[in-house]
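As structure tokens, the structure follows; a few thoughts come after it.
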Amino acid sequence: MKVAIIGAGPSGIVSCKSLLEAATPTHPFDPFILEQEGDIGGTFNYRSYEAKVINVQRKISGGHTISYVHRNAGLEDDWSISPVVVDVDYVVICTGLHVIPSIPEITGMEYFSTQTESIGPSAFHSHKYKSRAQLQGKRVMILGTGETGMDIAYEAAQAEATEVTLCSRSG
């Protein structure tokens, strides 16, 4: 049974592995992954920051996970960027939750959007956070206390931000 998996992020990779392990002579799964980005890894590869040991079980960093898949699956340069039409028996959708950031409209934000060449804007969405240098010596306010908000609050403290304030609408 040919199975198309859309998305080579963590869910897509695990789905492919699970289908391969579950294959039997009566259910011979033949999965393949379709990915729009230039590399595998999804959130761990494109939307992570220098610490990278975030939201991952057993403290394996996103970088190690991606390197492991490259080494063992032999995917180093085996990418096709041409449109392909395929007939499949099943489709597994693994496009992720965090592909497009949700940026709220907040009155007055235009006053905080000045750009500093070395560290970027003074107000930014978490998907733009890459390095502690962006927070070092700053007064930092984080809107949201989900996993990413808490991770960045920790990063701000480690970066020696002068002040870290967490804002939450509930809880």
Side-chain angles (χ1 to χ4, degrees), residues 1-105 119-121 123-135 142-156 158-159 170-171:
M1 288 178 271
K2 199 158 204 67
V3 181
I5 300 169
I6 301 173
S11 295
I13 292 169
V14 169
S15 295
C16 186
K17 176 184 179 289
S18 297
L19 285 167
L20 290 169
E21 289 175 351
T24 65
T26 56
H27 293 92
F29 294 117
D30 182 18
F32 65 96
I33 300 176
L34 302 169
E35 174 58 56
Q36 71 176 354
E37 299 286 351
D39 201 354
I40 63 173
T43 297
F44 293 126
N45 199 26
Y46 293 100
R47 290 154 192 91
S48 61
Y49 37 92
E50 67 186 358
K52 289 190 181 177
V53 182
I54 54 167
N55 305 334
V56 181
Q57 294 177 355
R58 292 187 282 172
K59 298 183 182 177
I60 297 173
S61 74
H64 291 308
T65 301
I66 293 165
S67 296
Y68 175 83
V69 171
H70 273 279
R71 255 193 321 277
N72 290 297
L75 299 175
E76 204 58 45
D77 290 316
D78 189 23
W79 289 98
S80 172
I81 57 171
S82 303
V84 177
V85 177
V86 293
D87 290 321
V88 297
D89 298 300
Y90 298 99
V91 176
V92 179
I93 308 293
C94 298
T95 54
L97 296 172
H98 308 294
V99 175
I100 300 170
S102 175
I103 302 173
E105 289 186 28
I119 62 168
F124 55 89
H125 189 278
S126 62
H127 81 283
K128 295 283 189 188
Y129 174 70
K130 299 294 178 196
S131 167
R132 289 179 179 168
Q134 292 170 273
L135 308 172
I142 297 167
L143 303 179
T145 55
E147 290 179 23
T148 302
M150 299 304 284
D151 285 342
I152 294 176
Y154 172 81
E155 291 293 307
Q158 294 300 306
S170 63

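The structure displayed is predicted, hence computed values, not measured ones.
Between S126 and I152, the shortest heavy-atom contact is CB-CD1, 3.5 Å. Across all their heavy atoms, P31 and I5 have their closest contact at CB-CD1, 3.9 Å. Annotation for C16 and I33: closest pair CB-CD1, 3.8 Å, computed over non-hydrogen atoms. Summarising the geometry of R132 relative to A159, their closest heavy-atom pair is O-CB, 3.4 Å, with the distance given to 0.1 Å.
With rounding to the nearest 0.5 Å, the separation of CD1 in I142 from CE in M150 is 8.5 Å.
F32 meets the side chain to side chain contact (heavy atoms under 4.5 Å, CB included) test with K2, A4, L34, V86, V88; sequence neighbours excluded. Every residue meeting the side chain to side chain contact (heavy atoms under 4.5 Å, CB included) condition with M1, not counting sequence neighbours, appears here in chain and number order: H27, P28, F29, D89, Y90.
Sequence neighbours left out, the pairs with a member in residues 8-21 that pass side chain to side chain donor-acceptor pair (under 3.5 Å) are K17-E21.
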